[in-house]
2 protein chains.
Amino acid sequence: MKNGVYSKGKSRINDILDAAHQLLIDAGYHNFSMRKVADAAGIKLGNLQYYFPSKSLLVSAMLDKTIQVYLDTFDEIRTHGSPEEQFQNLIKHVITDLTSRETTQFFPELWSLSNHEEDITVHMDQMYAKYRSILGDIIADMNPALSPKQVEKLSLFISASVEGHTVFIGHNKPWTKEVDNIVAMATQSFTWLVEHGDIPKR
Amino acid sequence: MKNGVYSKGKSRINDILDAAHQLLIDAGYHNFSMRKVADAAGIKLGNLQYYFPSKSLLVSAMLDKTIQVYLDTFDEIRTHGSPEEQFQNLIKHVITDLTSRETTQFFPELWSLSNHEEDITVHMDQMYAKYRSILGDIIADMNPALSPKQVEKLSLFISASVEGHTVFIGHNKPWTKEVDNIVAMATQSFTWLVEHGDIPKR
DNA sequence: GTGGATATAGTACGGTTGACCTACATAACA
DNA sequence: TGTTATGTAGGTCAACCGTACTATATCCAC
């Protein structure tokens, strides 16, 4: 059994994954069903199950595809400008992205899901690990005096802090209009932290 | 129809709400059902529906009760120590709390739910508004030179940043052991931000 | 152009879900 | 003590769920 080898099948798989992604965003995982995905993709349930025999396989594939988009953009950031500019670009990019409807809706679903489904946790952790890895490289360039351990901690702190804003300045959230201020405060204070991050623990 | 007026009914409602809270944490909202709540509470479905005629009423009441606990503890923080100490206590308390299993599991469910259910959004926003209000009072005490608008922005930035750590240093998350470091970095950098937060926008 | 792989449709099954309704048990109080 | 409000159990219903299976249609290489 090898599905998706004809051009028809390949584009079909793409349609399905897109439909599934959109349904997750629109309706949330608590009413995400195979039948609704099939409807959204414009195909019949039987056909959907030909490509994805089980719901968990579909969800897994859909998450993988969505996450891959984020991974690709992280690499891009590293290719332009000074470390300080890369740092600012990354923060600005992530915060701006998190105000899009897709991201605002998608990530809370991912976070929730990862708390209850083992294999989803793995994929999510891998994505954030890559994110922190890129961020860590930039931070090390900005302040070469930092130890690897310190770089790791700073990457964790900064990336986690940025993610938190999803719930507050995301799409249709109460503070969407403050995005520019948040970006400014984030770059300001996190830059300071990176430059003074080698302060020993009290 | 006025249920929960006898002592039996009152404690029953408490049992139900606790069971519902626990089920949400254990199983996630995507398999949160009236029957499972009834089972967890040790009562029959018909009885559960006597107290909560619809699922949305139950969820709403359960969320309200859980949120109330957080609101109460925020007030407590304001009663001891200098503004700087209050600031540190609040940050430490929130971050420490977010590493508990209950909080780590509960909040992503809340965030996800608030993206899809209108009335849940209202309750969540009220809680965070109160949180920011307390934090804002402390910040204003720490740096009286700040304008109300600046205080508001700082409260938003700091509270949102702290929430983000749930997904990374929460219960059973990959970085749980870094909690102390995160608390240190948070107090350090956010204190700096409050003290230098009146820097004009570039 | 035909045969075998691929894609699509259709149906059926066992289970769960939220809501509704009725009958019975228990508690409070006149 | 009796009667009324409150609490509890149980059954029913239509809708939806994931999965399995079969039958038909379409595609492409030979």
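Quick note: numbers below take in every heavy atom, side chains included, and nothing from hydrogens, waters or symmetry partners. In what follows, chains are A, B, ... by sequence order, proteins preceding strands, each numbered from 1.
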Item checked: Pairwise distance CD(B:Glu178) to CD1(B:Ile169) - rounded to 0.5 angstrom -> 9.0 Å

Notebook entry, point to check: Between C:dT6 atom C1' and A:Ile43 atom CD1, what is the distance in whole Å?
Noted result: 14 Å

Item checked: Interatomic distance where CZ belongs to A:Phe52 and P belongs to D:dT19 [whole Å] -> 13 Å

Note to self: Using whole Å, what does the distance between atom C1' of nucleotide C:dT22 and atom CG of B:Leu45 come to?
What the structure shows: 14 Å

Check: Does the cation-pi check pass for B:Lys55 over B:Tyr29, that is, NZ or CZ under 6.0 Å from the six-membered ring centre and within 45° of its axis?
Finding: yes

Next item on the list: Inspect the surroundings of NZ in B:Lys65 and state if more than 12 heavy atoms from other residues, nucleotides or ligands are less than 6.0 Å away.
Entry: yes

Item checked: Interatomic distance, A:Tyr51 OH vs D:dG18 P [rounded to whole Å] -> 20 Å

Next item on the list: Drop me the distance from B:Lys36's NZ to B:Asn31's CG, to the nearest 0.5 angstrom.
Entry: 4.5 Å

Checklist line | Taking every non-hydrogen atom, the tightest pair across B:Pro108 and B:Thr104 | finding: CD-O, 3.1 Å

Check: Taking OH from B:Tyr50 and P from C:dC20, how many angstroms apart are they, rounded to a whole number?
Finding: 17 Å

Check: Considering only heavy atoms, which members of residues 31-40 of chain A lie under 4.0 Å from some atom of DNA chain D?
Finding: A:Phe32, A:Ser33, A:Met34, A:Arg35, A:Lys36

Next item on the list: Give a yes/no on whether any side-chain N or O of A:Lys55 is located under 4.0 angstrom from OP1 or OP2 of D:dG18.
Entry: yes

Next item on the list: Under 4.0 Å from any atom of DNA chain C, heavy atoms only: list the residues of residues 111-123 of chain A that qualify, in numerical order.
Entry: none

Check: Should the ring pair A:Phe106 and A:His21 be called parallel, tilted or perpendicular, given that the plane angle runs from 0 to 90° and is split at 30 and 60?
Finding: tilted

Margin query: Applying side chain to side chain contact (heavy atoms under 4.5 Å, CB included), can you list everything that pairs with B:Leu45, at least two apart in sequence or on another chain?
Written below: B:Met34, B:Arg35, B:Gln49

Checklist line | For the student: nearest non-hydrogen atoms of B:Ser114 and A:Lys173, plus distance | finding: OG-NZ, 3.6 Å

Check: If you measure from OG1 on A:Thr99 to CZ on A:Phe168, what distance do you get to the nearest 0.5 Å?
Finding: 15.5 Å

Item checked: Distance, rounded to the nearest Å, where B:Gln49 contributes CD and C:dT17 contributes C1' -> 11 Å

Notebook entry, point to check: Rounding to a whole Å, what distance do you find between B:Tyr29:OH and C:dT17:C1'?
Noted result: 12 Å

Next item on the list: Measure from CZ on A:Arg12 to P on C:dT6 and round the result to the nearest Å.
Entry: 17 Å

